[in-house]
Amino acid sequence: MARGERSEEAWAWYTAVYEAVQEIPHGRVTSYGHIAKLVGKPECPRQVGVCLKHLPSASSDPSKKSATWHSGNVPWQRVINARGGISPRQRGPSGASRQAAALRAEGVEVEQGAMGEFTVDFGKYGWFPDVLPSEARLVESSGDEDEEAAYHT
DNA sequence: CTTATGACCGGAA
DNA sequence: TTTCCGGCCATAA
């Protein structure tokens, strides 16, 4: 592929990830892997983390909204790992604790293990739709030959 | 230029 | 149960 194609592809990837993250309801959480699956790249959960790492901080100055995506409009804190835990950043624990605090602020119970690791109960707060709500709307109007799968808790 | 390593995951051993 | 491995690709050294 052409070199110029790379950046364009990357932009699409970042956009898809950020939009998917924005669909996570308030007070719920999901995993990197699930976001990756929702955007069509189930084998790239790692790159989801890369996107969030690159997510700029929200500008406290409203007149200076340079970036479309930032921590003010993308609920990055609702994305945790598949084990239901907040992975400790390499850069120090402040990031993880900040994420835990952000989740608690919206009503999510975050427990802390003996090792200082933060965990969330997916049984209570997990959000794992088969497809994005925006896409699910399209499925609704399609043929209903597909039998509704039994869904139990 | 080449390696190594991540805000990761699922399956195999 | 645990550990290991391949895959993805942006960055750092």
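Chain letters run A, B, ... following the sequence lines, proteins first, then strands; residues in each count from 1. Being a predicted model, the structure only gives us computed values, none of them experimental.
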Regarding the side chain of V50(A), the nearest nucleotide among dG6(B), dG10(B), dA7(B) is dG6(B)
Taken to the nearest whole Å, CG/L52(A) to P/dA10(C) is 15 Å
Atom CD1 of I80(A) and atom P of dA7(B) are separated, to the nearest Å, by 16 Å
Between CG of L55(A) and P of dA10(C) the distance, given in whole Å, is 17 Å
Rounded to whole Å, the CD-P distance (E43(A) to dC8(C)) equals 7 Å
* To do: Sticking with atom C1', work out how far dT3(C) lies from dA7(B), rounded to a whole angstrom.
  => 22 Å
Discussion item. Determine whether a donor-acceptor pair (N or O, by modelled atom type, separation under 3.5 Å) exists between the side chain of E117(A) and the backbone of P88(A).
Written reply: no
- Message: Between S31(A) and dC8(B), is there a contact of a side-chain N or O with OP1 or OP2 at under 4.0 Å?
- Response: no
When you measure from the side chain of T30(A) to the backbone of W127(A), do you find a donor-acceptor pair of N or O atoms at a distance under 3.5 Å?
yes
Winner on side-chain proximity to C44(A), out of dC8(C), dC8(B), dA7(B), is dC8(C)
Between CD of Q47(A) and C1' of dC9(B) the distance, given in whole Å, is 12 Å
The residue, R46(A) or K53(A), whose nearest nucleotide of DNA chain C is more 5′ is R46(A)
note: K41(A), atom NZ; dG6(C), atom P; distance rounded to Å ~ 21 Å
I24(A) CD1 to dA7(B) C1', in whole Å, measures 13 Å
Donor-acceptor pair, Q99(A) side chain versus Q77(A) backbone, under 3.5 Å? yes
When rounded to whole Å, the CD1 to C1' distance for the pair I35(A) and dC8(B) reads 13 Å
Donor-acceptor contact below 3.5 Å, side chain H34(A) vs main chain P129(A) | yes
